[in-house]
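Here is the structure we will look at, set down as structure tokens.
Sequence lines set the chain letters: A, B, ... in the order given, protein chains first and strands last, and positions in each chain run from 1. Remember, it's a predicted structure, so these values are computed and weren't measured experimentally.
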There are 2 protein chains.
Amino acid sequence: MSLNAVLDRIDEDLDSAVARLLDLLRIPSVSTDPAFAGDCDTAADWLVAQLQDLGFDAQKRPTPGHPMVVAHGDQDGPRILFYGHYDVQPVDPIDLWDRDPFDPQLEDTAKGKVIRGRGASDDKGQLMTFVEACRAWKAVNGTLPARITFFFEGEEESGSPSLVPFMQENADELRADIALICDTGLFADRTPAIVTMLRGLLGEQITITGPSKDLHSGMYGGAAMNPIRVLSGILADLHDDTGRVTVPGFYDGVPDLPEAVADQWDGLNFDHGTFLGDVGLSDPAGEQGRTALEMLWSRPTAEVNGIWGGYTGDGFKTVLPSKASAKISFRLVGTQDPHAIRDNFRAFVQERLPTDCSVEFHGHGASPASQMSIDAPAFEQARKALSDEWGVEAAYVGCGGSIPIAGYFKDILDMDAMLIGFGRDDDAIHSPNEKYDLECFHKGIRSWARILEALS
Amino acid sequence: MSLNAVLDRIDEDLDSAVARLLDLLRIPSVSTDPAFAGDCDTAADWLVAQLQDLGFDAQKRPTPGHPMVVAHGDQDGPRILFYGHYDVQPVDPIDLWDRDPFDPQLEDTAKGKVIRGRGASDDKGQLMTFVEACRAWKAVNGTLPARITFFFEGEEESGSPSLVPFMQENADELRADIALICDTGLFADRTPAIVTMLRGLLGEQITITGPSKDLHSGMYGGAAMNPIRVLSGILADLHDDTGRVTVPGFYDGVPDLPEAVADQWDGLNFDHGTFLGDVGLSDPAGEQGRTALEMLWSRPTAEVNGIWGGYTGDGFKTVLPSKASAKISFRLVGTQDPHAIRDNFRAFVQERLPTDCSVEFHGHGASPASQMSIDAPAFEQARKALSDEWGVEAAYVGCGGSIPIAGYFKDILDMDAMLIGFGRDDDAIHSPNEKYDLECFHKGIRSWARILEALS
């Protein structure tokens, strides 16, 4: 069993690995839009075929939504569960893409080669880093150094409605010594990281109804209640002047940042000017008196992800609309209770509703934050392997995004999870022109080869 | 010249008149959407053919936008200019229509027969009442009792950008002793009305930009400025707790309602409970301490007609959007200056903009309010003719909507205008399932026949 031979094999096989990833990226597996259900199925089939080709007992497993892919290896050794998701975000606004998001390609850019297309970074490119590491290991050694199970879902971008029931029903089959999750990023451009702190996520869609039908704003304007005005008032009330969320009880369970963690984060020398400058901003917009890293990793948020009502087409229509809607999401930390916050938010909205208006709520996901324990030896083993590959000390960091699977592994399967990924901040995930740097894909595969050795 | 014979002829010809209106309603002449430009042209051609058939010298006259239709009669007598518009509102939300909006039909309803389709009431059905009155008059008498000019535009629903230049360039041709405008409603269900007070209209579209691209709300949420939050705050600030508009200087030029007018309006016994109850509301939502009629006719307003930003499709997308937009319109009264209000509104928005955000403004229309003088004898002549037809004393009223043409007739052509129309509050103009009551169409034609006699 020679690590160097495996790493060499990875280097030699890179072009083929990219070609395989482009194949997967061509499948428009947008999970949130029912129109793409067949494509999600196709992506699952594609992964099953890849894993069967590597000698895994791989199957597409039905759920009430999009299928899971589960694949078991037959080697001895420590049990490792690897998780990724094959579904991708919608592509709108499509007119801001420079190419068809599902006609991916390898592009030369000023910063080096990138793999461009929807899902390149989130999460198809990332999940393929582990598949390719296993492929190289097996090609060189004829076998794998651990008893590996792949577990891919197709609903991560739409709230993972089937995930918990599936894990509960198949707990014995999925339980392992440790879980590896590849859906996060590097810290800064070249510093590998293991995420130990993840924010939770709570989604709420609200629709406020005023008049029973759209009205002419000349005939009724002034006398009839406008639901856009009501909605704007509610959304404007969500934050106070210091950037704090005003929903009652919202900060229950939000811990103070331990001084040791604060010191470690200060040591990362995070450059919020560059981080925000890259997206055209300059001032951290969150709670006053917090550092940018706190705002991103350890503080909860309320964001409006979408708003619509009335006439939104070309030209003008002097309508006084019947309805106005918004999608709002809360990022949660510590022990904030998503269900209590949902109740409190709904009461907050109801209290601000004029007599003449009604409101409908549609909940979407409700996952608490997770905090990993780094006492398990696997954490330090993996951190050393990552440091070796990148030539920089790997960091334990927080993550502003919500990857509820990490909490589920702990709660349902009683196993620790290591979140290790190779995305960069400028990958434009969830945005037009998503990309994954070829360097990240390449060194990501090499990183996993090293981690597999370290854990076995 | 026998009025009774003309009225009989109108009664006998009603089915054919409805059939002709249905023909016009089948043409989807939506002016605000460039996709329907050809249909606007077709509607103009249709009207030219109808008027030529009545012996008028009718022509489609080009403008930079949709064409005007101008048709001159050759009879002697007082000069009358009749104005209407052949363009219609967009039909969205299309799924709330019970039938194809451009496949109109005569329907039986619990309240009697209605002509259903986009434009049935606003304004194709209304403009055809005058065309049909002329047709009957000519069929019976071989000639018309006045020197009539028809003047139809096709951009009323999109801000009438070509109207003022066209009136200025053709002022001598269009000038008459009086203008008749048919684009308003009955007061209450069976009381005819002449509108003498019209609100002006100012439109502004604003787009606020925060980050330079759409962001992942997990990766950036908390630290990056969300333009929907900024927009909501600005819109929420537009009104104070008493319902007054907070833009500085907004109430400059808003007159107190003269006591005599207030008394006349009180005498109308307007039932705001029923007016609002018909659209599912109960409380007048405008300025505290004002009657519902004041809110609708003599007080200015600010309404948000549309808002959009971020992800608005099915499911959830945790995007922190780059842009958020709204369409806002102001109804103006008295001598409020639309240009000053535009400037003040833009400054109001700029003042509320965080450093990291920028804003783009797109103005859309800017017409002041108009106030008719009812001293010209034509007003009392027409009011008596209307009272005779409907068996109820006709009223001088205000109108919450904006029909800037009335002001243009005064300013550009120095002529008075009488606004007489036969719409009802439940016509659902600008909304799904627009209709025009057959009774209104029928008695509208008869009303014009009587008014033509009274004026000649």
Side-chain donor or acceptor of B:Lys317 paired with backbone N/O of A:Asp92 under 3.5 Å: yes
Tell me, for B:Leu198 versus chain A, whether the close heavy atoms (under 4.5 Å) come from the side chain, the backbone, both or neither. neither
For chain B, find which of A:Gly203, A:Gly309, A:Pro227, A:Gly159 contributes the most heavy-atom pairs closer than 4.5 angstrom. A:Gly309
Return yes if a side-chain donor-acceptor contact under 3.5 Å exists between A:Ser31 and A:Ser158, otherwise no. yes
Considering only heavy atoms, which portion of B:Leu293 lies under 4.5 Å from any heavy atom of chain A: side chain, backbone, both, or neither? neither
Proximal component of B:Asn433, with respect to chain A [non-hydrogen, under 4.5 Å]: neither
Ionic contact status for A:Arg299 with A:Glu294, cut-off 4.0 Å: no
If you take all heavy atoms of A:Ser121 and A:Asp427, which pair is closest and at what distance? OG-OD2, 2.8 Å
Do you know which of B:Gly365, B:Ser217, B:Ser329 has the most heavy-atom pairs with chain A at a distance under 4.5 angstrom? B:Ser217
B:Gln205, part contacting chain A, at a heavy-atom distance under 4.5 Å: both
Any side-chain to backbone donor/acceptor pair from A:Arg118 onto A:Gln89? Under 3.5 Å, distance only. yes
Which atoms of B:Ile228 are under 4.5 Å from chain A, going by heavy atoms: the side chain, the backbone, both sets, or neither? side chain
Relative to chain B, which of A:His272, A:Lys213, A:Arg229 shows the most heavy atom pairs under 4.5 Å? A:Arg229
Let's test your reading of the structure: which of A:Gly218, A:Ala292, A:Pro300 forms the most heavy-atom pairs below 4.5 Å with chain B? A:Gly218
Among B:Leu231, B:Leu281, B:Thr301, which has the most heavy-atom pairs under 4.5 Å with chain A? B:Leu281
Quick one: does B:Asp356's side chain have a donor or acceptor within less than 3.5 Å of a partner on A:Asp283's backbone? yes
Side chain / backbone / both / neither for A:Asp278 at chain B, heavy atoms under 4.5 Å: backbone
With a 4.5 Å cut-off on heavy-atom pairs, point out which of B:Ala428, B:Gly233, B:Ser282 contacts chain A the most. B:Ser282
Could you give all pairs that pass the ring-ring contact (aromatic ring centres under 6.0 Å, His included) test and reach residues 273-301 of chain B, with sequence neighbours left out? A:Tyr220-B:Phe275, B:Phe187-B:Trp297, B:Trp265-B:Trp297, B:Phe270-B:Phe275
Donor-acceptor pair, A:Asp271 side chain versus A:Gly273 backbone, under 3.5 Å? yes
Between B:Asp33 and B:Val30, is the side chain to side chain contact (heavy atoms under 4.5 Å, CB included) condition met? List the steps. CA-CA 6 Å; B:Asp33 185 340; B:Val30 178; 4.1 Å; yes
If you count every heavy atom of other residues, nucleotides or ligands that lies below 6.0 Å from B:Asp240 atom CG, does the total exceed 12? yes
Turns out that what part of A:Ala302 lies under 4.5 Å from chain B's heavy atoms comes down to neither
So, the side chain of A:Glu157 versus the backbone of A:Thr32: is there a donor-acceptor pair under 3.5 Å, distance only? no
Could you tell me which portion of B:Pro34 (side chain, backbone, both or neither) has an atom closer than 4.5 angstrom to a non-hydrogen atom of chain A? side chain
Can you tell me which of A:Leu235, A:Asp214, A:Val304 forms the most heavy-atom pairs within a distance under 4.5 Å of chain B? A:Val304
When only pairs under 4.5 Å are counted, which of B:Asp314, B:Asp425, B:Asn226 shares the most heavy-atom pairs with chain A? B:Asn226
Below 4.5 Å from any heavy atom of chain A, which atoms of B:Glu204 appear? Answer side chain, backbone, both or neither. backbone
For B:Val279 and A:Leu215, run side chain to side chain contact (heavy atoms under 4.5 Å, CB included): C-alpha distance rounded to whole Å, both residues' side-chain angles, the deciding distance at 0.1 Å, then the answer. CA-CA 8 Å; B:Val279 297; A:Leu215 304 176; 3.4 Å; yes
Who among A:Asp122, A:Leu276, A:Val230 has the most heavy-atom pairs with chain B under 4.5 Å? A:Leu276
Looking at B:Gly210, B:Pro432, B:Ser232, B:Gly286, which one has more heavy-atom pairs under 4.5 Å with chain A than the rest? B:Ser232
Within residues 319-326 of chain A, the residues sitting under 4.5 Å from chain B by heavy atom, in sequence order, are A:Val319, A:Leu320, A:Pro321
Is it the case that the side chain of B:Trp308 and the backbone of A:Ile307 share a donor-acceptor pair, with hydrogens and angles ignored and the cut-off at 3.5 Å? no
Check the angle between the aromatic planes of A:Phe330 and A:Phe250 and answer parallel, tilted or perpendicular using the 30° and 60° thresholds. tilted
Determine whether a donor-acceptor pair (N or O, by modelled atom type, separation under 3.5 Å) exists between the side chain of B:Ser367 and the backbone of B:Gly200. no
Top contributor to chain B interface from A:Gly280, A:Pro93, A:Pro211, A:Gly185 [non-hydrogen pairs under 4.5 Å]: A:Pro211
Shorter than 4.5 Å, heavy atoms on both sides: which option in B:Met295, B:His239, B:Met225 has the most such pairs with chain A? B:His239
Under the 6.0 Å and 45° cation-pi test, does A:Lys327 pair with B:Tyr311? no
